[in-house]
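Everything numeric here is computed off the predicted structure, so don't read it as measured data.
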Amino acid sequence: MIFARAFTAALLTACMLATGVASGQNYPDRPVTMIVAFPPGGVTDATARILQEPMQRALGQPIVIENIGGAGGMIAAARAARAKPDGYTILLHQDALAAGMTLYPDRTFDAEKDFITIGLVNTTINTLAGSPTLPPNSFDELLRWMKQSGQIIKVGHPGVGSFGHLAEVLIFQELGVTVTQVPYRGAGPALIDLLTGQVDLSPISAVVAQPLINTGKLKAYAVIGSRRFAGLPQLKTMGELGYKNLDIDFWHMLLAPTGTPRPIVDKLNTALRAALADPKVRKTFVDGGMDEYPPSEQTPEAASALLKREIKLWGDVIRANHILVK
């Protein structure tokens, strides 16, 4: 009888604990680790550190940032996918996660099956920038110049499989223009060669490009993104120029391992929304050439739908152009 009572009490306690975990009732009661899929110093790391403090406030627990670089963000994603689905390990990733589903066929996880999305964070605005010595001064002039017979066009990008690379490939595919792609190890070296005329065109962060454009050190022909950049209001988006398929964004989203209870995902989403509503965060984003997603697009469902679309978009681009990561 005593054993039976003890067993029943233990069973009830276990059920209550399980219910508490599943409901997220006591979550979080310790620090949360945010895995960032790229090394310190880049825009993904900057986004994480902008979110860190306001999300900590909303959750009432510290957020510990862990940068894991390598393989286009696939190493970090594989690590996060294997984490216990209890809300104490989350992942900040970007377009490279979608592209990686095709670029890295030997990966050990599937972005759609092994993650549950928490929410969309922001987009970063880029420009289609040109060397200061390039003859065209407008997008229409650029298009005519590129389509001249025998024209050799060199386009720099920050690395095979990067957003800059894949966006370029899609842009010139849609424009019907053949170009020579010149890969670099990062955006910095590509920018230096663009400034000196070693390459003709390159996708450059709008914030980096703005002072160079305003002082005549670079030319710019369009915004790569779905919204205009306030710092260069004269620049139209590719969509506004008539290429709706080129309304493409460089985005960030938060994810958790599949199996994370929905109440915990909802708490994380609420903390993310609180951070994105913070005036300081909004100003920092604007100053850095970033846009937060509007509230209607900050849901887990919106993030999941975007991830699905982007996996198909970049998969099609990669396969059609036989892009390989060596």
>> Between R262 and E301, is the salt bridge (Lys or Arg N to Asp or Glu O under 4.0 Å) condition met? List the steps.
In response: CA-CA 12 Å; R262 180 61 192 236; E301 290 75 20; 3.0 Å; yes
>> Run D86 and R30 through salt bridge (Lys or Arg N to Asp or Glu O under 4.0 Å) and show every step you take.
In response: CA-CA 11 Å; D86 57 6; R30 63 180 189 270; 3.3 Å; yes
> What's the verdict on side-chain hydrogen bond (donor to acceptor under 3.5 Å, both in side chains) for Y88 and D29, showing C-alpha distance, side-chain angles and the deciding distance?
Replying inline: CA-CA 9 Å; Y88 290 99; D29 60 8; 2.8 Å; yes
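Screening E310, Q94, H93 for a side chain to side chain donor-acceptor pair (under 3.5 Å) involving W251 leaves a single residue, E310. The residue from T123, D95, N122 that alone fulfils the side chain to side chain donor-acceptor pair (under 3.5 Å) condition with H252 is N122.
With values rounded to the nearest 0.5 angstrom, M74 atom CE is found 5.0 Å from L97 atom CG.
Connection of V177 to L166 is established within a shared hydrophobic cluster, with ILVMFWY side chains joined at heavy-atom distances below 4.5 Å, either directly or through further cluster members. Side-chain heavy atoms closer than 4.5 Å link hydrophobic residues (I, L, V, M, F, W, Y) into clusters, and following such links, possibly through other members, connects L143 to I153. No single ILVMFWY cluster, assembled from side-chain heavy atoms under 4.5 Å apart, contains both V223 and L134.
Cation-pi geometry between R82 and F109 is not met: the NZ or CZ atom fails to fall both under 6.0 Å from the ring centre and inside 45° of the normal.
Under a cut-off of 6.0 angstrom, the local environment of CZ in R273 is crowded, with over 12 non-hydrogen atoms contributed by other residues, nucleotides or ligands.
In plain terms, the two heavy atoms of K217 and L195 that are nearest each other are O-CD2, 3.4 Å.
Under 4.0 Å is where a charged nitrogen must lie from a carboxylate oxygen, and between D287 and K283 at least one such pair does.
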